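For reference, the structure is listed below as structure tokens.
Just so it is clear, the structure is predicted and the values come from calculations on it, not from any experiment. Counting from 1, the numbers follow the sequence of the chain as shown.
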Amino acid sequence: MNQAIAQVTLVVKNYDEAIDFYTQKLGFKLVDDIQLDSNKRWVTVSPPSLNGLSLLLAEATNDEQRKAIGNQTGGRVFLFLHTDDFWRDYKLMKDQGVEFNEDPREEPYGTVVVFKDLYGNLWDLIERK
């Protein structure tokens with residue numbers, strides 16, 4: 001059996017502002033943007049390598065979904081962005097105005113820093129040892 005988790009849904013306030021953040025601030029690629037009906041789109045973004053998990057950006061459509069925006073894991077780090085050059089990506093993201101919660105630090109597993117996406121979800125930027 002050959003299986004892999006291919007996508008994770010990220011509830012967003014607005015498709016276009018989310019696309020802008022992920023493509024302009026984080027350097028992700030827009031993989032899909034397909035209109036499904038008058039209010040719903042199939043929007044996926046992925047890091048530039050396109051060799052792993054992608055994010056399905058899902059615009060909130062009701063109060064329960066809107067409550068999850070920015071807090072999909074109850075304040076824990078939600079997603080982990082691995083890089084082959086921590087300092088390059090940290091500087092690029094910082095130059096793009098990405099908000100970091102701390103200074104970069106060395107951990108037994110690698111160099112890491114926590115940052116927020118446009119809605120406040122927490123991410124780790126990591127260069128593994």
Side-chain angles (χ1 to χ4, degrees):
M1 186 182 304
N2 187 10
Q3 297 179 332
I5 296 174
Q7 294 175 326
V8 171
T9 300
L10 180 65
V11 181
V12 300
K13 188 186 316 181
N14 175 275
Y15 288 120
D16 294 320
E17 71 182 13
I19 290 169
D20 184 60
F21 177 83
Y22 287 101
T23 60
Q24 301 302 311
K25 305 254 184 215
L26 298 188
F28 283 24
K29 300 289 183 198
L30 179 61
V31 179
D32 296 300
D33 188 354
I34 302 165
Q35 193 74 43
L36 299 176
D37 61 35
S38 61
N39 297 318
K40 190 173 181 181
R41 291 156 58 183
W42 181 267
V43 177
T44 59
V45 295
S46 178
S49 63
L50 299 175
N51 66 355
L53 186 77
S54 64
L55 295 177
L56 173 66
L57 304 179
E59 192 171 278
T61 59
N62 60 45
D63 287 340
E64 186 175 351
Q65 291 173 10
R66 281 187 276 283
K67 288 179 193 173
I69 296 171
N71 192 25
Q72 298 210 166
T73 57
R76 299 283 308 254
V77 171
F78 176 44
L79 296 166
F80 300 80
L81 181 60
H82 286 205
T83 178
D84 63 348
D85 187 334
F86 177 89
W87 294 105
R88 174 200 63 213
D89 291 349
Y90 174 73
K91 182 180 180 337
L92 287 169
M93 291 166 65
K94 197 167 181 121
D95 289 348
Q96 289 297 322
V98 173
E99 183 181 342
F100 291 91
N101 285 20
E102 61 186 8
D103 292 327
R105 64 187 193 281
E106 293 296 324
E107 294 290 347
Y109 52 84
T111 306
V112 64
V113 68
V114 177
F115 69 93
K116 291 181 182 180
D117 70 13
L118 74 163
Y119 300 116
N121 292 301
L122 298 179
W123 290 62
D124 272 1
L125 174 65
I126 300 173
E127 182 178 357
R128 304 265 314 166
K129 285 188 178 176

Quick check: do [X] and [Y] have side-chain heavy atoms less than 4.5 Å from each other?
X     : Y      : answer
Leu10 : Asn121 : yes
Thr83 : Arg88  : yes
Arg41 : Asp16  : yes

Is there a donor-acceptor contact under 3.5 Å from the side chain of Glu99 to the main chain of Lys116? no
Is it the case that the side chain of Gln7 and the backbone of Leu56 share a donor-acceptor pair, with hydrogens and angles ignored and the cut-off at 3.5 Å?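 A pair under 3.5 Å: no.
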Treating Ile, Leu, Val, Met, Phe, Trp and Tyr as nodes and any side-chain heavy-atom pair under 4.5 angstrom as an edge, say whether [X] and [Y] lie in one connected cluster.
X      : Y     : value
Val12  : Leu30 : yes
Tyr119 : Val11 : yes
Val77  : Phe86 : no
Ile126 : Leu53 : no
Leu122 : Leu57 : no

Can you confirm whether or not the ring centre of Phe100 sits under 6.0 Å from the ring centre of Tyr90?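 Under 6.0 Å, so yes.
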Of the non-hydrogen atoms in Glu17 and Leu118, which two are nearest, and what is the gap between them?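 Nearest heavy atoms, Glu17 then Leu118: O-CD1, 3.7 Å.
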Should the heavy atoms of other residues, nucleotides or ligands under 6.0 Å from [atom1] of [X] be counted, would the total exceed 12?
X     : atom1 : answer
Asn2  : CG    : no
Gln35 : CD    : yes
Trp87 : CH2   : yes

Check the orientation of Phe28 and Tyr22. Use parallel for under 30°, tilted for 30 to 60°, and perpendicular for over 60°. tilted
Asp63 with Lys67: basic N within carboxylate O range, under 4.0 Å: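 A salt bridge is absent here (no side-chain N lies under 4.0 Å from a carboxylate O).
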